[in-house]
Amino acid sequence: MKTHTKRKMILDCDPGHDDAIAILLAAGHEGIDLIGITTVAGNAELEKTTLNALKVCEIAGIDVPVLKGNSQPLIRKRETAADIHGDSGMDGPVLPAPVKQAGEEHAVDFIIRTLMESDGDITLVPVGPLTNIAMAMRREPSILSKIQEIVLMGGGTFGNWTPAAEFNIYVDADAAKVVFESGVPITMMGLDLTHQALADHDVSRRIGGIGNQPANFVSELLTYFRKTYLEFFGFEHPPVHDVCSVAYCIDPTVVETKKLRVDIETKGELTYGMTLVDVNGVTGKEPNVNFAMKLDHAKFWNMLIDTLERY
Ligand code: RIB
Ligand code: CA
């Protein structure tokens with residue numbers, strides 16, 4: 001009988017409504033061995049994103065180490081997204097203070113140690129600003145050959161924080177430049193893809209009908225996220241950006257991708273944080289990214305809903 005080997009993953013995140021759902025998919029799917037959850041400042045300050053990650057683990061009974069990372073971008077001043085995710089970073093659901101505590105080890109040290117001890121079979125899935133990943137690469141360059149793949153949520157051919165830049169990249173474009181120029185295999189879930197992952201009313205109804213605590217939690221997350229995405233972006237349904245990265249790790253056929261060159265703008269007055277996606281290959285530069293273009297909606301939502309049902 002064909003045994004499916006689990007894909008080893010470190011999920012680096014800034015919960016965050018969509019980060020929280022990504023955690024549930026990664027921890028709940030039998031195809032993933034979630035080695036650790038590392039947190040970074042992004043949607044909210046580090047203390048809040050870490051607390052939110054602990055709350056998600058608690059409500060779903062997830063026994064995975066949670067390690068705190070960087071509270072500031074490498075160079076720029078921190079920016080958060082309270083308008084979208086609320087002051088707590090995960091407004092909407094009311095959850096008890098978690099018993100679970102974050103580990104003592106710094107996230108960057110955890111990432112380095114885990115990779116160095118591995119057989120090179122770990123996928124890094126950053127779905128917030130890339131500060132922790134860049135710091136790990138700079139602190140210990142020998143991890144570069146130990147990273148199987150980086151499957152990140154960020155960037156795109158357009159922006160959502162500025163007209164040019166997506167939030168995760170914009171918050172720490174200097175870190176993004178380090179990662180995109182590292183030579184490590186990168187699969188990029190940019191806004192071109194994640195804006196296809198819209199939790200419409202049918203999806204919300206299906207999740208609402210599951211009836212267990214993690215699924216009810218997701219329903220509450222989507223209720224809040226729907227409100228802010230309508231208010232600030234005029235979206236009828238909220239995009240669950242970060243879930244796309246985890247779904248790809250489970251089944252790469254959930255998206256169609258294309259090898260493209262992507263460079264990061266770190267100097268532009270108006271374009272800081274832009275991912276310059278060479279869609280037509282006009283730079284002649286070697287492609288460095290597996291760029292996700294098209295989402296298989298049925299496969300994506302069935303994967304998430306089936307996983308939530310099994311909690
Ligand atoms: O631009 C979308 C990204 O910013 C997602 O990762 C969301 O969680 C926020 O961090
Ligand atoms: Ca995120």
Side-chain angles (χ1 to χ4, degrees), residues 4-38 64 111 115 120-130 132-133 147-157 160 166-169 176 179-180 182 184-199 203 218 238-262 275 277 279 287-308 310:
H4 287 278
T5 51
K6 284 176 173 275
R7 185 160 184 174
K8 293 179 180 176
M9 177 191 294
I10 294 175
L11 182 62
D12 186 74
C13 55
D14 61 332
H17 293 71
D18 52 327
D19 306 69
I21 303 170
I23 291 171
L24 293 173
L25 179 59
H29 196 281
E30 73 275 2
I32 299 290
D33 176 7
L34 184 59
I35 296 171
I37 297 168
T38 52
V64 167
I111 290 167
L115 286 170
D121 56 350
I122 295 175
T123 299
L124 298 184
V125 180
V127 293
L130 290 162
N132 290 340
I133 311 302
I147 303 169
Q148 184 177 65
E149 184 178 11
I150 294 174
V151 183
L152 60 87
M153 190 281 137
T157 60
N160 63 0
E166 177 277 327
F167 178 77
N168 287 343
I169 307 298
V179 173
F180 277 74
S182 67
V184 172
I186 293 173
T187 294
M188 174 179 168
M189 303 289 148
L191 296 177
D192 307 78
L193 190 279
T194 66
H195 278 185
Q196 299 172 48
L198 299 172
V203 162
V218 170
V240 291
H241 306 278
D242 299 342
V243 184
C244 299
S245 294
V246 175
Y248 170 85
C249 293
I250 292 167
D251 180 356
T253 67
V254 77
V255 298
E256 289 174 19
T257 62
K258 188 177 179 185
K259 280 275 184 207
L260 295 175
R261 177 73 197 191
V262 177
T275 50
V277 183
V279 176
N288 56 339
V289 165
N290 205 18
F291 186 81
M293 314 278 282
K294 192 172 182 319
L295 179 72
D296 181 324
H297 294 82
K299 193 174 282 188
F300 176 77
W301 290 114
N302 288 339
M303 180 194 290
L304 176 61
I305 290 165
D306 291 350
T307 303
L308 290 174
R310 286 198 298 276

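Since we're looking at a predicted model, the values are computed, not measured.
Formation of a donor-acceptor pair under 3.5 Å by the N288 side chain with backbone atoms of V262 is found in this model.
Contacts of V203 classified as side chain to side chain contact (heavy atoms under 4.5 Å, CB included), with partners at least two apart in sequence or in another chain: A199, D200, I207, W301. For F167, the ring pair (Phe, Tyr, Trp, His ring centres under 6.0 Å) partners at least two apart in sequence or on another chain are W161. Under the rule for a salt bridge (charged side-chain N to carboxylate O under 4.0 Å, His left out), D296 has no partner lying at least two apart in sequence or in another chain. T257 is linked by a side-chain hydrogen bond (donor to acceptor under 3.5 Å, both in side chains) to N290, counting only residues two or more places apart in sequence or in another chain. Residues satisfying the ring pair (Phe, Tyr, Trp, His ring centres under 6.0 Å) test with H29, not counting sequence neighbours, are none. A search for side-chain hydrogen bond (donor to acceptor under 3.5 Å, both in side chains) contacts involving D242 returns nothing, not counting sequence neighbours. Taking the side chain to side chain contact (heavy atoms under 4.5 Å, CB included) definition, one finds that A197 meets it with V240, C244, L295, F300, sequence neighbours left out. In this view, T38 and D12 satisfy the side-chain hydrogen bond (donor to acceptor under 3.5 Å, both in side chains) rule, not counting sequence neighbours. Evaluation of the side chain to side chain contact (heavy atoms under 4.5 Å, CB included) rule for L191 yields M153, F158, N160, E166, T194, H195, H241 as partners, not counting sequence neighbours. By the side chain to side chain contact (heavy atoms under 4.5 Å, CB included) test, L115 pairs with I111, I122, L124, I143, K146, I147, sequence neighbours left out. For Q148, the side-chain hydrogen bond (donor to acceptor under 3.5 Å, both in side chains) partners two or more places apart in sequence, or in a different chain, are T123.
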| request: Might you work through the side chain to side chain contact (heavy atoms under 4.5 Å, CB included) test for D14 and D19, ending with a clear yes or no? | output: CA-CA 7 Å; D14 61 332; D19 306 69; 2.6 Å; yes

| task | List the steps and the verdict of side chain to side chain contact (heavy atoms under 4.5 Å, CB included) for V125 and R7. | result | CA-CA 11 Å; V125 180; R7 185 160 184 174; over 6 Å; no

| request: Carefully, step by step, assess M189 and V255 under the rule side chain to side chain contact (heavy atoms under 4.5 Å, CB included). | output: CA-CA 9 Å; M189 303 289 148; V255 298; 4.1 Å; yes

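Applying the salt bridge (charged side-chain N to carboxylate O under 4.0 Å, His left out) test to pairs two or more places apart or on separate chains, none has a residue in residues 188-197.
The distance from the CG atom of L193 to the OG atom of S245 is 8.5 Å, given to the nearest 0.5 Å. In this structure, the separation between CZ on F291 and OG1 on T275 is 7.0 Å, given to the nearest 0.5 Å. In this structure, L34 CG and I10 CD1 are separated by 9.0 Å, a value rounded to the nearest 0.5 Å. The CD1 atom of I37 sits 4.5 Å away from atom CD1 of I23, with the distance rounded to the nearest 0.5 Å. With values rounded to the nearest 0.5 angstrom, Q196 atom CD is found 9.5 Å from M293 atom CE.
Side-chain atoms of N168 and L130, non-hydrogen and from C-beta on, never get closer than 4.5 Å to each other.
Across all non-hydrogen atoms, the minimal contact from L25 to A247 is CD2-N, 3.9 Å. For A176 against I169, the heavy-atom pair with the smallest separation is CB-CG2, 3.9 Å. In terms of heavy atoms, A26 sits closest to M9 at CB-SD, 4.0 Å. For V246 against A22, the heavy-atom pair with the smallest separation is CG2-O, 3.8 Å.
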